[in-house]
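Below: one structure, written as structure tokens.
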There are 2 protein chains.
Amino acid sequence: MSSNRIKQVSSVDVARLAGVSRAAVSRTFSNNGYVSDVTREKVMLAAKQLGYRVNHLARSLNRQRSDLIGLVVADLENPFRSQQINDLSEAILAKNYRPFLIPTSVARDSTQVIEMLMHYCVSGVIITSDTPPEDIYKNCIEQSVPVVLINKKDKYPQVDRVVCDNEKGIALLVEAFVQRSCKRVVIIGSEAVSYSIQMREALFKEQAAQAGIETDTILGPNHDYQGGVVAANILSNQANLPEGVFCCNDYLALGVIDQLRERIGHTETEKIAIAGFDDMQQASWKSYQLTTIRQPTQDMASQTINLLVSRIGDPEQASRTYRTDVFLVKRTSL
Amino acid sequence: MSSNRIKQVSSVDVARLAGVSRAAVSRTFSNNGYVSDVTREKVMLAAKQLGYRVNHLARSLNRQRSDLIGLVVADLENPFRSQQINDLSEAILAKNYRPFLIPTSVARDSTQVIEMLMHYCVSGVIITSDTPPEDIYKNCIEQSVPVVLINKKDKYPQVDRVVCDNEKGIALLVEAFVQRSCKRVVIIGSEAVSYSIQMREALFKEQAAQAGIETDTILGPNHDYQGGVVAANILSNQANLPEGVFCCNDYLALGVIDQLRERIGHTETEKIAIAGFDDMQQASWKSYQLTTIRQPTQDMASQTINLLVSRIGDPEQASRTYRTDVFLVKRTSL
DNA sequence: TTGTATGCGTTATCAT
DNA sequence: ATGATAACGCATACAA
């Protein structure tokens with residue numbers, strides 16, 4: 001008789017071969033409870049011979065936690081976003097958890113996301129979409145699943161946040177515009193909802209005013225390359241061009257630069273001081289050389305998982321906010 | 001007494017409330033076996049009241065398959081790669097499987113990747129790294145875990161492949177160079193190992209020769225932006241510049257264009273016909289307007305998951321190769 | 001230090 | 001069509 005499904009080697013097989021009990025095997029592999037050196041040796045040997053691996057499904061079922069971390073993410077096509085995901089999944093693995101990727105498109109509503117998270121008993125959830133439906137994390141805390149929000153506005157009991165220091169970043173940029181003695185700067189934002197974008201827009205307006213800089217705001221339909229293109233079209237139609245342009249993120253900035261060059265030419269564009277925010281990879285490309293604010297994605301990632309692990313250990317603690325440090329990356333665009 | 005762990009509502013709770021057996025609950029939710037309409041109604045009602053969700057951990061343990069698809073991926077910072085991941089994870093979800101993200105960095109060796117895959121009893125594996133250590137998929141087929149390789153060379157019994165039609169793509173490009181009546185074209189490749197890159201390099205050389213085009217090859221250290229920059233430096237030092245440049249992927253091409261502009265100026269660069277391959281998002285940016293070959297990532301993704309699902313259903317079938325269609329995206333660079 | 005027994009939540013088999 | 005029961009593989013409380 002041939003079963004098409006290969007019988008998985010389990011702890012009983014190892015126990016039998018090693019001449020010990022299943023419990024001994026379990027203890028050696030979970031590093032829990034007492035097990036003598038000689039027993040451990042026997043178990044390890046038998047395990048190696050049989051090619052035994054702990055079944056995490058069974059372990060999770062028993063322990064009532066999966067060590068899976070739900071990674072709820074939108075806009076994976078955004079290079080800055082994929083940078084975040086890269087660093088986050090590395091950080092998750094470094095802490096011995098596993099990343100469970102959940103892309104949220106417009107097509108998939110939050111209910112399905114929640115279902116997926118719950119079906120697999122995730123140990124925690126990281127949300128890094130621009131506009132995370134709040135039912136997602138409300139549901140999570142209701143089921144007492146720890147949540148960390150990245151660059152999100154909402155304060156919510158029992159959910160932690162990691163945000164980048166927009167205040168400091170904007171201050172650095174305003175100072176840079178001041179040093180270029182810009183009297184008027186146009187802010188490029190987005191109509192689409194995003195905590196980061198809208199906050200930076202407001203902060204820049206405020207801090208620029210204090211520095212005696214006149215501002216004006218143009219919104220693209222979105223905060224991506226195409227949004228920047230649209231905004232630049234509007235900008236280039238204005239009677240007089242500003243001395244400076246601040247784009248609420250790099251993605252917008254690249255579109256703005258490209259379209260400005262097309263509309264008013266390279267040399268005219270070069271006269272305008274342009275800055276972005278995030279320091280995505282493409283900002284350093286020679287076609288752009290964009291002056292911007294670096295968001296340290298690795299630090300952000302490790303702090304995120306730190307908060308999450310800490311909350312998994314103690315779910316009841318008060319919510320915390322970690323603010324990542326930022327700094328100015330000065331290139332030729334400003 | 002207060003247990004800090006909330007008791008998860010299970011099928012027994014639903015069964016009790018609905019006044020039926022656990023089996024009935026199981027059958028309604030797994031759509032397996034007979035269940036009368038009235039019973040189903042009762043079960044669904046009770047489930048809703050209790051907020052019951054099937055525990056996929058337990059289900060997987062019982063069924064001996066997790067419905068998790070391991071997504072083994074390197075270079076997530078590469079925008080084309082993240083595009084692939086985006087489409088793949090969508091396709092996986094569409095087929096009711098779950099993406100299990102496994103980034104492979106240099107730091108993490110293949111053993112750990114294999115361990116992760118096996119620990120979670122993944123139902124299948126998709127590998128889309130440039131240089132997948134072959135022990136990964138050897139191990140997989142040894143444990144009879146279905147594997148699909150994307151744009152990889154290796155033919156291996158029982159593993160399927162999805163490759164893009166490099167032959168056709170190169171043919172289209174060579175024809176474009178011919179129409180521009182280029183007599184000499186420099187090929188920009190990479191020293192780093194990559195099936196796609198090296199294959200395109202060889203194909204272009206061969207097909208160009210047949211078309212009477214003289215070729216010359218320059219290798220960057222890597223097939224990314226920086227690699228293109230390095231290659232362009234070498235190129236610009238050559239005695240006489242070629243009429244055309246073919247870069248084995250867009251990522252290289254963008255670096256080549258930028259560095260060429262810096263070294264020989266915009267106008268000189270414009271005289272050179274430049275083409276890439278992949279059609280990554282940035283290729284369409286106005287600074288580049290790169291003529292290239294479109295790899296249809298969505299089609300690729302859905303074919304990949306189709307092959308995988310089919311093999312999950314019948315693991316013993318002979319290996320297949322699906323070749324995705326490609327087409328020329330003509331922009332101003334050529 | 002080790003072994004025994006029980007439970008985690010589901011599904012599949014076999015009766016009824 | 002429905003219900004009891006035995007797995008699935010592991011971890012732990014308890015006894016020894």
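Worth saying up front: this structure is predicted, and the values here are computed from it rather than measured. Chain A is the first sequence line, chain B the second, and so forth, proteins listed ahead of strands; every chain is numbered from 1. Side chains are part of it too, since the values below use all heavy atoms of this structure and drop only hydrogens, waters and symmetry mates.
We find that CZ of B:R65 is positioned 15 Å from P of D:dG9, with the value rounded to whole Å. As rounded to whole Å, 9 Å separates atom P of C:dT11 from atom CG of B:N55. The nearest whole Å value for the distance from the CG atom in B:D13 to the P atom in C:dT10 is 9 Å. With rounding to whole Å, A:Q8 atom CD is found 14 Å from D:dA7 atom C1'. At whole-Å resolution of the value, CG in B:D67 and C1' in C:dT10 are 13 Å apart. One atom, CZ of A:F29, and another, P of D:dG9, lie 15 Å apart when rounded to the nearest Å.
Across all strands, B:V12 comes closer than 4.0 Å to no nucleic acid atom at all (heavy-atom distances). Counting any heavy atom pair closer than 4.0 Å across all strands shown, B:A24 reaches sugar-phosphate atoms only and no base atom. No contact: A:V25 has no heavy atom under 4.0 Å from any strand. Among the protein residues, B:R53 comes within range of the sugar-phosphate backbone only, with heavy atoms under 4.0 Å from sugar or phosphate atoms but none that close to a base.
For B:A23, counting side-chain heavy atoms from C-beta on, the closest listed nucleotide (D:dG3, C:dT11, C:dT2) is D:dG3. Candidate nucleotides D:dC10, D:dT2, D:dT5 were compared by shortest atom distance to the side chain of B:T39, and D:dT2 ranks first. Here the nucleotide nearest the side chain of B:S10, chosen from C:dT2, C:dT10, D:dC10, is C:dT10. When distances are taken from the side chain of A:V20 to each of C:dT11, D:dG9, C:dG3, the shortest belongs to C:dG3. Set against D:dA11, D:dT12, C:dT10, the side chain of A:N62 has D:dA11 as its closest nucleotide. The listed nucleotides are C:dT4, D:dG3, C:dT10; the one nearest the side chain of B:R22 is C:dT10.
Side-chain atoms of B:S30 and B:R59 include no donor-acceptor pair closer than 3.5 Å. A donor-acceptor contact closer than 3.5 angstrom is absent between the side chains of B:E90 and B:N86.
Other residues, nucleotides and ligands place no more than 12 heavy atoms under 6.0 Å from the CE atom of B:M44. In this structure, A:D314 places its CG atom where more than 12 heavy-atom neighbours from other residues, nucleotides or ligands lie under 6.0 Å away.
Note on B:D13 versus B:R16: salt bridge recorded, some NZ/NE/NH1/NH2 to OD/OE distance being below 4.0 Å.
Heavy-atom nearest nucleotides on DNA chain D were determined for B:R63 and for B:G19, and the one closer to the 5' end corresponds to B:G19.
For A:N32, a side-chain nitrogen or oxygen approaches OP1 or OP2 of D:dT12 to under 4.0 Å. Residue B:S36 places at least one side-chain N or O closer than 4.0 Å to OP1 or OP2 of D:dT2. For the OP1/OP2 pair of D:dT2 and a distance below 4.0 Å, the side-chain nitrogens and oxygens of B:S21 include no atom meeting the criterion. Between A:Y52 and the phosphate of D:dC10, there is a side-chain N or O to OP1/OP2 separation shorter than 4.0 Å. At the phosphate of D:dG9, OP1 or OP2 sits under 4.0 Å from a side-chain N or O atom of B:Q64.
Taking all atoms of both residues into account, the shortest heavy-atom contact from A:C140 to A:M118 is CA-CE, 3.9 Å.
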